[in-house]
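Here is the structure we will look at.
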There are 2 protein chains.
Amino acid sequence: MTLETATEAPGPTDATRTQKRAIRTRNRLMKAALSIFSEKGFDSTTIEDITERADLGKGTFYRHFPGKDELILDLTEQSTAVLTQEIDKAATTAQSTQDLMNAFLSAHRKFFMVHREEFLLLFQSRLVLNLQKEDTLSLETPFERYLETLQRHIARFIPSPVNRAKVRHLACAIAGFVSGFFSFALVGLPEADIDLSLAPLRQTFVSAASAFLFEQKATKVMKGEEESASPSLSATVMRSLSHAKTET
Amino acid sequence: MTLETATEAPGPTDATRTQKRAIRTRNRLMKAALSIFSEKGFDSTTIEDITERADLGKGTFYRHFPGKDELILDLTEQSTAVLTQEIDKAATTAQSTQDLMNAFLSAHRKFFMVHREEFLLLFQSRLVLNLQKEDTLSLETPFERYLETLQRHIARFIPSPVNRAKVRHLACAIAGFVSGFFSFALVGLPEADIDLSLAPLRQTFVSAASAFLFEQKATKVMKGEEESASPSLSATVMRSLSHAKTET
DNA sequence: TTCATGAGCGACTAGATAGTCGCATATGAC
DNA sequence: GTCATATGCGACTATCTAGTCGCTCATGAA
């Protein structure tokens, strides 16, 4: 790209004024696009929608992006970067699997609450990936990096012979649960209470994920044993539930 | 609609040939639209895309639907009907909360595996609902019915004073988890393994959801109206939920 | 048979949109 | 100051699309 024209020493200070202006413009375009995508959706957004909100000429867009597809790729990378950054920040200090799961939840919760537009963007690019299209671009790799971030943190709590497949399943489950829950909460719960609604589910989620990790470890050690539900859930609790009276 | 023109006795046999033809045509349009939506997405699909795949003239579309928005509303209702039907079929025989959660998982798994196009359609209409748009049509009510189906089955296993807010939270969590998991599995796991990947998570999921129900019962018994987990959320959520059917 | 009704059709219009291109302006090297 | 380069601009064209309208054909009532 033309932005790399600087011969060497690409520090933040020695970017020429022209380059800095170009970067500013590019950022304005991305910010405007992110904003409009979260309102009317990627496909319904026109290039002029974007340049108009960014208060720029239409031609300027094409100076910075070949087309809309490259823009959503950049935005997806930017958004997953924000999310993984939150995850890393919250998860590095975790001392137990409970800590880790709590950190995951907090990071995603913050992402949903504070970076709503990015959340909606990832929802959309994930949809694009799920559609039965041909090309798909390289839109998959940001999500791959995101899942790998989860896996990396999870792996810290798994003893030596790590079952990578199971770790990945858990990563998918975690990622799926939080994004799915928030997206359904947005439909089925009053907006103001979505954040709070996560609280009562928190302990359950943490127990479940920890139990999955435990089972993962346990099956390695002792095979054939019937898996106990969870270290934090007593057998009596489970039993009492299975015989619960049916009443409406 | 013109389909209701029949004066009385609208049995399946006594529909006039003209009416039957119209219904066939309408179904062909919906089928074609569902198929294309799952390939290129709702917004990128043109009316002519649909009529072409249905092998019909463009004007025919407008005889059956005012526009694309009404079409996706109908398709969303149809798709949630398929899903809730699967849920009802699987869940009515449940004898315990474990049974119930297993039934939920099986029904959603089947929906994802067998009715992929409907799954992708619901993913899209849910996105439309999440976007920060103005109108939103009445696209929300099919999802409301879906969540109520889940709640109805859950409520069978809750003793008399049902905490509707918590039941709804669980419904959102279940719906969110399965749709989110499948959608992430589609990105992060080999297609052939998606079905199998749910198995190791099954027990964990069932335990977690059952535990949540137990906690629901316990808090209800102990505190009556107040919730210990999140006191600040009870009032608003409870109020809005108790009028869920009538509110806009 | 005749006629009325409604389904199906596709050319057409009006409007919107993607992408281009030549020009203006700002910057930076000399 | 002068020139070269890069950014920003918006009018323009070529294409695409939504929605309409008058026509044909099938059906069904009389």
Side-chain angles (χ1 to χ4, degrees), chain A residues 1-11 13-33 36-37 39-73 135 137, chain B residues 1-10 13-33 36-37 40-73 135 137:
Chain A
M1 262 312 222
T2 54
L3 298 179
E4 263 69 27
T5 327
T7 50
E8 55 183 47
T13 40
D14 56 356
T16 175
R17 194 175 308 175
T18 307
Q19 287 172 320
K20 282 195 283 189
R21 182 171 65 133
I23 291 172
R24 258 201 319 274
T25 302
R26 187 188 161 93
N27 286 340
R28 272 169 64 194
L29 284 170
M30 288 183 69
K31 188 178 170 188
I36 301 190
F37 287 167
E39 289 170 12
K40 40 196 299 190
F42 173 72
D43 286 321
S44 308
T45 301
T46 70
I47 306 295
E48 274 179 305
D49 285 339
I50 298 168
T51 55
E52 202 170 317
R53 179 161 304 189
D55 208 25
L56 292 167
K58 187 178 180 181
T60 306
F61 178 89
Y62 289 98
R63 235 178 238 293
H64 290 272
F65 301 96
K68 228 177 16 161
D69 286 346
E70 286 72 21
L71 176 58
I72 199 180
L73 176 60
D135 55 342
L137 228 62
Chain B
M1 269 304 230
T2 54
L3 299 179
E4 263 70 28
T5 325
T7 49
E8 55 185 44
T13 41
D14 55 357
T16 175
R17 194 174 310 175
T18 306
Q19 287 172 320
K20 282 196 283 189
R21 181 171 66 131
I23 291 173
R24 259 202 318 275
T25 301
R26 187 188 160 92
N27 286 339
R28 272 169 64 194
L29 283 169
M30 289 182 69
K31 190 178 170 188
I36 300 192
F37 288 166
K40 42 194 299 189
F42 173 72
D43 286 321
S44 308
T45 300
T46 70
I47 307 295
E48 275 178 305
D49 285 339
I50 298 168
T51 54
E52 202 169 317
R53 178 160 306 189
D55 209 24
L56 293 166
K58 186 177 180 181
T60 306
F61 178 89
Y62 289 98
R63 232 174 241 292
H64 291 273
F65 301 96
K68 226 177 18 162
D69 286 346
E70 286 72 21
L71 176 58
I72 199 180
L73 176 60
D135 55 342
L137 227 62

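In this text, all values refer to a predicted model and were calculated from it rather than measured experimentally. Values reported hereafter were calculated over all heavy atoms of this structure, with side chains retained and with hydrogens, waters and symmetry mates removed.
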Quiz item: Given D:dC9, is OP1 or OP2 found less than 4.0 Å from the side-chain N or O atoms of A:Thr60?
Solution: yes

In whole angstroms, how far is the [atom2] atom of [N] from the [atom1] atom of [X]?
X	N	atom1	atom2	result
A:Leu29	D:dC9	CG	C1'	13 Å
B:Leu56	D:dT24	CG	P	20 Å
A:His64	D:dA6	NE2	P	13 Å
A:Gln19	C:dA26	CD	C1'	14 Å
A:Arg63	C:dG22	CZ	C1'	11 Å
B:Glu48	C:dA11	CD	C1'	11 Å
B:Asp55	C:dC9	CG	C1'	12 Å
B:Glu52	C:dG10	CD	P	11 Å

Quiz item: More 5' along DNA chain C: A:Arg21 or B:Lys58, using each one's nearest nucleotide?
Solution: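 Result of the comparison: B:Lys58.
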
Practice problem: Could you check A:Thr18 against B:Thr18 and say which one's nearest nucleotide on DNA chain D is further toward the 5' end? | Solution: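 Of the two residues, A:Thr18 wins.
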
Practice problem: Spell out yes or no: do the side chain of B:Lys68 and the base of D:dA18 have one donor N/O and one acceptor N/O closer than 3.5 Å? | Solution: no

Which value, rounded to the nearest 0.5 Å, describes the distance between [X] atom [atom1] and [Y] atom [atom2]?
X	Y	atom1	atom2	value
A:Leu56	A:His64	CG	NE2	7.5 Å
A:Phe37	A:Asp49	CZ	CG	9.5 Å
A:Ile36	A:Thr46	CD1	OG1	7.5 Å

Quiz prompt | Heavy atoms from other residues, nucleotides or ligands near NZ of B:Lys31 exceed 12 (cutoff 6.0 Å) | solution =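 Count not over threshold, so no.
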
Exercise. Evaluate whether atom NZ of B:Lys40 has more than 12 neighbouring non-hydrogen atoms of other residues, nucleotides or ligands under 6.0 angstrom away.
Key: yes

Quiz item: Considering only side-chain heavy atoms of A:Thr16, which listed nucleotide, D:dA18, C:dG28, D:dG28, is closest?
Solution: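 Taking heavy atoms from C-beta onward, the closest nucleotide is C:dG28.
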
Practice problem: Ignoring the backbone of A:Tyr62, work out which of C:dG19, D:dT20, D:dT7 is nearest its side chain. | Solution: C:dG19

